[in-house]
Amino acid sequence: MGDMSQREHFVPPEGGREVYTTKAVPVGSLVIGGGAPLVVQTMWKGPLTPETVSTIVEELERLSKMGCGLMRFAVPDMTAAEVVGRIAERSLMPVVADIHFDWRLALRVMDFPVAKVRINPGNIGARWKVEEVVRKAEEKGVAIRVGVNSGSLPKHLRHDPDVAAALVKAAEEELEILGSLGFERVIVSLKASDIETTVRANRVFAQRYEIPLHLGVTEAGPLIPGIVKSTAALVPLLSEGIGDTIRVSLSDSCEKEVLVGMEIARASGRRNTGVNLVSCPRCSRYSFDVMGFIERVYPYLLSIERPITVAVMGCVVNGPGEARYADLAITGTGRGIFLYRKGEKIREVAPDEAVDAFLEEIQHLL
Ligand code: SF4
């Protein structure tokens with residue numbers, strides 16, 4: 001890549017995250033990098049047919065309210081390219097087309113208003129094919145993610161014992177093609193299925209380039225191991241200021257990927273808006289059903305942008321105490337269910353009124 005993307009000097013991250021400042025890349029209505037807020041994204045897992053377009057557009061609206069900024073779709077054939085294109089025409093959320101093997105799919109999908117295409121250096125093929133994709137992306141104002149994956153490295157790098165170095169090298173080779181055409185609307189991802197490789201590859205890349213990074217652990221597994229692996233890899237990187245967008249890859253729903261992504265962003269200090277939910281794990285002392293209550297209010301809490309702390313507690317042992325630190329709290333006490341605003345008891349509610357009363361009180365804080 002040209003001078004603009006390569007760091008001249010690297011300052012160790014002691015001085016703060018500004019040492020990893022990246023270039024701002026417009027992706028549809030979003031900006032990735034350049035100090036823009038971290039973008040949480042996911043990938044569509046359901047059927048993709050002309051009949052599903054309206055349902056998918058509605059689902060994107062729902063996920064957007066939960067904090068999802070970007071949706072990626074696999075594009076395995078020309079029919080999918082057209083369906084993804086139709087979704088992009090109707091969706092307010094920017095749409096990313098995920099291309100493997102056939103560069104013509106990237107060319108076709110860019111006839112529609114997609115915001116970004118992802119290409120995989122391990123399988124997109126000859127240089128001239130990449131060049132055709134890059135020229136069309138330039139013409140259409142589409143961003144490109146060079147998405148390198150440890151499971152599909154280019155052939156000549158597959159046997160490198162240092163997988164992190166091979167991931168970086170694969171990205172650099174592809175970036176050289178993009179750079180030779182003066183293309184700058186680029187984002188890179190370096191994904192492995194193990195934590196150490198993912199962290200190391202991204203650190204090395206961030207020290208060398210100002211190109212925004214999309215972070216993720218590939219094939220992280222089902223919900224619980226997937227959360228643990230993704231958190232272990234992403235929190236250190238994000239806390240150091242590395243990473244501009246994240247995707248948590250789970251053998252579970254898009255909704256769960258977004259929820260986990262939002263919590264990882266918060267735990268890394270990269271998202272300071274929204275509800276900080278404090279809740280007790282519940283034990284046999286409980287006189288208020290914490291889990292059942294949270295299940296009902298959590299989707300709504302996710303749509304709140306304002307930074308507030310909410311406590312949901314099972315009993316008098318820690319309930320009133322946590323209420324002191326919360327903007328709004330609800331707790332069982334054994335003598336009833338009470339709502340607190342900034343530590344002050346404001347009302348008592350019956351179990352079947354708890355959700356409505358809580359949502360009513362939260363409105364007063366917004
Ligand atoms: S607040 Fe009460 S119910 Fe919740 S874990 Fe603590 S002791 Fe148990």
Side-chain angles (χ1 to χ4, degrees), residues 40 65-67 220-236 238-239 248 250-253 255-366:
V40 172
K65 289 191 184 128
M66 295 170 60
L223 187 65
I224 293 173
I227 291 174
V228 173
K229 280 190 219 168
S230 300
T231 305
L234 268 50
V235 169
L238 292 168
S239 303
V248 175
L250 299 174
S251 306
D252 211 301
S253 64
E255 180 176 312
K256 295 268 173 47
E257 291 192 357
V258 173
L259 297 183
V260 177
M262 298 295 279
E263 292 302 337
I264 286 177
R266 184 194 300 285
S268 317
R270 296 288 298 271
R271 179 174 183 263
N272 301 318
T273 57
V275 173
N276 174 31
L277 180 58
V278 175
S279 67
C280 86
R282 204 179 81 181
C283 68
S284 46
R285 282 180 196 276
Y286 84 97
S287 56
F288 178 59
D289 177 14
V290 172
M291 274 92 106
F293 181 82
I294 288 177
E295 207 176 297
R296 293 182 63 190
V297 300
Y298 193 43
Y300 172 73
L301 296 182
L302 287 167
S303 68
I304 296 174
E305 275 291 309
R306 192 161 184 167
I308 54 171
T309 296
V310 165
V312 181
M313 304 295 291
C315 83
V316 74
V317 171
N318 290 320
E322 284 297 343
R324 254 182 260 137
Y325 308 109
D327 295 293
L328 183 67
I330 185 162
T331 183
T333 63
R335 297 184 317 280
I337 298 165
F338 292 95
L339 282 155
Y340 296 77
R341 192 185 301 146
K342 297 192 192 301
E344 292 230 356
K345 197 188 285 179
I346 48 170
R347 61 198 269 196
E348 181 179 359
V349 292
D352 61 348
E353 297 165 351
V355 169
D356 288 346
F358 178 85
L359 295 180
E360 195 182 303
E361 289 302 331
I362 219 163
Q363 285 302 324
H364 295 147
L365 295 171
L366 305 180

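Read the numbers this way: they start at 1 and go in the same order the structure lists the ligands and their atoms. No experiment lies behind these values; they were computed from the predicted model shown. This chain uses plain numbering: 1 for the first residue, then up along the sequence.
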Under 4.0 Å to a heavy atom of [X] - the qualifying atoms of ligand 1, by number:
X: R285; value: 7 (S)
X: V317; value: 7 (S)
X: Y286; value: 3 (S)

Keeping S303 on the side-chain end and Y300 on the backbone end, is there a donor-acceptor pair under 3.5 Å? yes
Under 3.5 Å, side chain of D252 to main-chain N/O of P222, donor-acceptor pair present? no
Between Y340 and P320 the two heavy atoms that sit nearest each other are OH-CG, 3.9 Å
To the nearest 0.1 Å, how far is atom 8 (Fe) of ligand 1 from its closest protein heavy atom, and which atom is that? C283 SG, 2.3 Å
Distance from atom 6 (Fe) of ligand 1 to nearest protein heavy atom, with residue and atom: N318 ND2, 3.8 Å
Can you measure from OG (S253) to CG (L259) and round to the nearest 0.5 angstrom? 7.5 Å
Option with minimal heavy-atom separation from atom 7 (S) of ligand 1, where the choices are P320, C280, C315: C315
Ion pair E360/R347, N-O distance below 4.0 Å: yes
